[in-house]
Amino acid sequence: MAFNKRVKIKTILDHHPIGTEVTLMGWVRTKRSNKNVSFIALNDGSIITNYQVVADPNLISEEILKKCTTGACLKITGKIVESQGAGQSSELNAEIIEVLGEADPEKYPLQPKKHSLEFLREIAHLRMRTNTFGAVFRVRHALAFAVNKYFNDKGFFYIHTPIITASDAEGAGETFKVTTLDLHKLPKTDDGRIDFKQDFFERETNLTVSGQLEGELAAMALAEIYTFGPTFRAENSNTTRHLAEFWMIEPEMAFYDAEDNQNLAEDFLKYVIRYALENCAEDLKFLDQRAAEEESAKPADQRSELGLIEKLKFVVDNDFVRLTYTEAIDILRNSNPNKKKKFTYLIESWGTDLQSEHERYLVEKHFKKPVILTDYPKEIKSFYMRQNEDGKTVAAMDILFPGIGEIVGGSQREERLDLLTKRMEEMNIPQEEMWWYLDTRRFGATPHAGFGLGFERMILFVTGMSNIRDVIAFPRTPGNAEF
RNA sequence: UCCUCCUUAGCUCAGUUGGUUAGAGCACAUGACUGUUAAUCAUGGGGUCCUAGGUUCAAGCCCUAGAGGGGGAGCCA
C-alpha cells in the first residue's frame, strides 16, 4: 500500500479546503503548549509558510506530544478548520499524529531562533530546514527552470558538454586533475615524466573549466545552443563570489554578432529575474525582509537605496547601460575618486584591466544600473575573441551587476582562421591539441557569439544573499569539501 | 596566495588597568497558565575560555606559533 497520501501545505494555502480531512507530513518548527491545547508549526518544504496544527491532549497522547519537538518529522491526519487565532485563516485539527522521525531537542542544532549564516554553513546538511535556505533553494530551482524554459521557448538546444576533458587551453583557470593512476606509484617515462599513456584515457585529463569550446562546435551545427552544467576551477580563490565547483550557463549562437549577443544576454537576464518575481513571491518577500534587516545593521552610507524586490523590478524595467571599455576609462579617469586618489589603483592610461573598485564605481555610483562593458583591449582578453577593425580591441562584453560585479562574460568569437591562429601564436596557445576547434574555422565558418553566466552569481543577485557559499547546497571551496 | 578582523555555554555575545567561585539573552529540562503566533511567567542543568608553548606570585585577558572562521584584494563566472 502506498505510503504517500499527503496534501502539501502549499496546496492547502492555495485552496483553503475548509471541512476536509487531510494528511500532512512535515517537520516541526516550533511547538507551543498549555494545559488544554498544543500548537505545532509544521513546515513541509512546499512553501515557506508554516501550517498550524492544533493538538488536543484529549485526542493525542502525552507520549506522542512529547516527541513533537523542533525538527521532528510528523504525519498528521485531521480536519481543516477555520482558525480561531489571528495568525492564520485555517488550521489542522489533529486526530492522529504519527511521529515518523524524532529529533532529540538536546542535540538538534536548529532552534526556533535566528542563526548566523556562518554557523549554518557548518551544518549544511540541516540548513535547508531553515526559512532562509528553504527560500534560497526554492528560488534556485525556479531560476534553473526559467533558464531552461527561456532557451527552450526560443528554440535553443540544450547541449551536455563533457565534464572530463583533455583540453587545458581555455585559459580559464587552474584545473582539477582526473586520473586512475596510483598516486603513490606513478608510472614514469624514460625521461622521468609521468607516463599518462598508462592512465585511463591514455592522456592527461582534467575536470572542465568551461563548456564553451565544445559549445561552439555544437553551434556550428544546431545554430543556437546552450549548456548548463557544473564547472570546476582549482583556483585558490577565497571570496564571497567564487566556488571551486559552480554551475555555468553558456549559450553559443551561430549568426550572432556582438550586439546580438548583448541583446540576448540582457533579455535573458531580465526574463529569469521576472520569472522569479512572478513565481517566487512568498520566498522573495521573506528574503526582501531578511535583506532589509541586514541593511539596517550596516552604517547608513553603505546601505543600498533599493530593497531587494525593488532592485529586481528596477533591473527588469530599465535598459542596461552599454559602453565601451574606452568610454569607461574616460569616465573613470575623470571621476572624483580618481582625481582625489581614492582608488587603490588609479586610472592613468588606456590598456590596463579594470579592478573591482572601478567596476563597482561604474555600476553602483555612476550609472546605478547594470552595465554592459564592451570592446576591451585584446591584450587582457582571451584568444578566441573576435578582433575589431581598430586592431587594438576585441568584441568582448562583460555584464556588471550591482553588488555582484561580473555576472556575465562573453564575446563574438573570432571566426577567421588566419587571425585566430595568429592570436594563438602570440598568446602561446598550443594549436595541435585544438585541431578540432580550429576545424570549425576551416569548414563552414560563420560569425558567431556566446557568453557564460555564473548561475550562483545570478542566484546571489536574485536572493539578496551576500556569500556565494549560501546559494549552493554543498559549497566546494579551498579546504572545504565536507558533506 | 596577500591584507585585516575574529574564536568564551547548544546559539548570539558581555567579561574593566592581568587578581577570589567566568556572566547575560535565547535554546533545553521541569512546573504554572482556557487558543498560542520566535507565546508568557517561575525554577534548574549546562564551560577543555580554539590548540600548543611562553611571560607572571597570578592569564579568558599579555607574548609566540598553529588551527578554524569572517571581510577585503588578486584570479574569474
Side-chain angles (χ1 to χ4, degrees), chain A residues 29-41 49-57 66 69-71 81-88 91 93 103-123 130-131 170-174 209-212 228 230-250 265 298 302 343-345 353-360 380-382 398-401 404-410 451-461 466-470 472 477-480 482:
Chain A
R29 286 295 174 80
T30 63
K31 182 180 64 172
R32 298 175 290 272
S33 300
N34 61 41
K35 200 189 286 181
N36 300 304
V37 65
S38 286
F39 300 96
I40 296 166
T49 316
N50 297 329
Y51 199 68
Q52 176 152 289
V53 175
V54 184
D56 180 343
K66 257 189 132 107
T69 55
T70 300
V81 297
E82 304 248 11
S83 178
Q84 299 170 40
Q88 55 283 316
E91 63 196 16
N93 271 348
D104 183 346
E106 292 279 5
K107 292 176 183 152
Y108 185 62
L110 292 174
Q111 304 156 10
K113 61 168 275 190
K114 190 166 181 169
H115 293 286
S116 67
L117 296 173
E118 292 80 15
F119 170 67
L120 291 171
R121 251 169 246 154
E122 292 170 12
I123 49 167
T130 63
N131 286 334
E170 291 95 332
E174 289 294 309
V209 294
S210 164
Q212 182 198 312
F228 184 6
T231 309
F232 308 88
R233 297 196 185 166
E235 301 288 346
N236 192 5
S237 297
N238 293 286
T239 79
T240 53
R241 322 180 287 290
H242 289 86
L243 290 164
E245 178 180 297
F246 65 101
W247 287 67
M248 191 149 64
I249 296 148
E250 294 177 291
K298 289 185 191 167
Q302 287 174 31
F343 282 142
T344 309
Y345 298 90
D353 207 352
L354 300 181
Q355 307 291 317
S356 299
E357 57 181 347
H358 307 135
E359 297 180 349
R360 264 210 308 278
I380 58 176
K381 287 292 179 184
S382 300
D398 283 359
I399 300 185
L400 311 177
F401 261 39
I404 311 289
E406 186 178 340
I407 194 166
V408 162
F451 61 86
L453 178 139
F455 187 48
E456 283 78 12
R457 289 189 181 174
M458 185 167 76
I459 305 170
L460 274 182
F461 184 75
S466 48
N467 191 317
I468 203 163
R469 296 162 196 200
D470 297 329
I472 187 166
T477 53
N480 194 343
E482 192 76 43

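Each chain gets a letter, A, B and so on, in the order the sequences are listed, and its residues count up from 1.
- Between B/A73 and A/R360, a contact under 4.0 Å exists linking OP1 or OP2 to a side-chain N or O.
- Checking B/G74, B/C11, B/G69 against the side-chain heavy atoms of A/T239 singles out B/G74 as nearest.
- In this structure, A/R241 does not reach the B/G71 phosphate: none of its side-chain N or O atoms is under 4.0 Å from OP1 or OP2.
- An OP1 or OP2 oxygen of B/G71 is reached within less than 4.0 angstrom by a side-chain nitrogen or oxygen of A/N467.
- The partner of B/C2, taking Watson-Crick or G-U wobble pairs whose two distances both stay under 3.5 Å, is B/G72.
- Comparing the C1' positions of B/G10 and B/U55 gives an interatomic distance of 35 Å, to the nearest angstrom.
- Separating the C1' atom of B/A9 from that of B/C28 is a span of 12 Å, rounded to the nearest Å.
- Side-chain to base pairing of A/E106 with B/G10: no donor and acceptor N or O lie closer than 3.5 Å to each other.
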Going 5' to 3' through nucleotides 30-40 of chain B and flagging B where a protein heavy-atom sits under 4.0 Å of the base, S where only the sugar-phosphate is that close, and - otherwise, we get S--BSBBBBB-
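- B/A32 and B/U40 make up a base pair, with Watson-Crick or G-U wobble contacts both under 3.5 Å.
- In this structure, B/C57 forms a base pair with B/G19, meeting either the Watson-Crick or the G-U wobble geometry with both donor-acceptor distances under 3.5 Å.
- Within the nucleic acid shown, A/F119 comes within 4.0 Å of sugar-phosphate atoms alone, with no base atom in reach, counting heavy atoms only.
- Taking atom P in both B/G23 and B/C33, one finds a spacing of 33 Å when rounded to whole Å.
- Checking the phosphate oxygens (OP1, OP2) of B/G74, no side-chain nitrogen or oxygen of A/S237 falls inside 4.0 Å.
- Between the side chain of A/H115 and the base of B/C11 there is no donor-acceptor pair of N/O atoms closer than 3.5 Å.
- Pair assignment for B/C26: B/G10, on the basis of Watson-Crick or G-U wobble contacts that are both within less than 3.5 Å.
- Put simply, the side chain of A/Q355 does not reach to within 4.5 Å of the side chain of A/T344, judged on heavy atoms.
- Residue-level contact check: A/I249 touches neither bases nor backbone, having no heavy atom under 4.0 Å from any strand.
- Atoms CD and CG, on A/E359 and A/L400 in that order, are 4.5 Å from each other to the nearest 0.5 Å.
- Of the inter-residue distances, the one linking A/E250 atom CD with A/T231 atom OG1 reads 6.0 Å to the nearest 0.5 angstrom.
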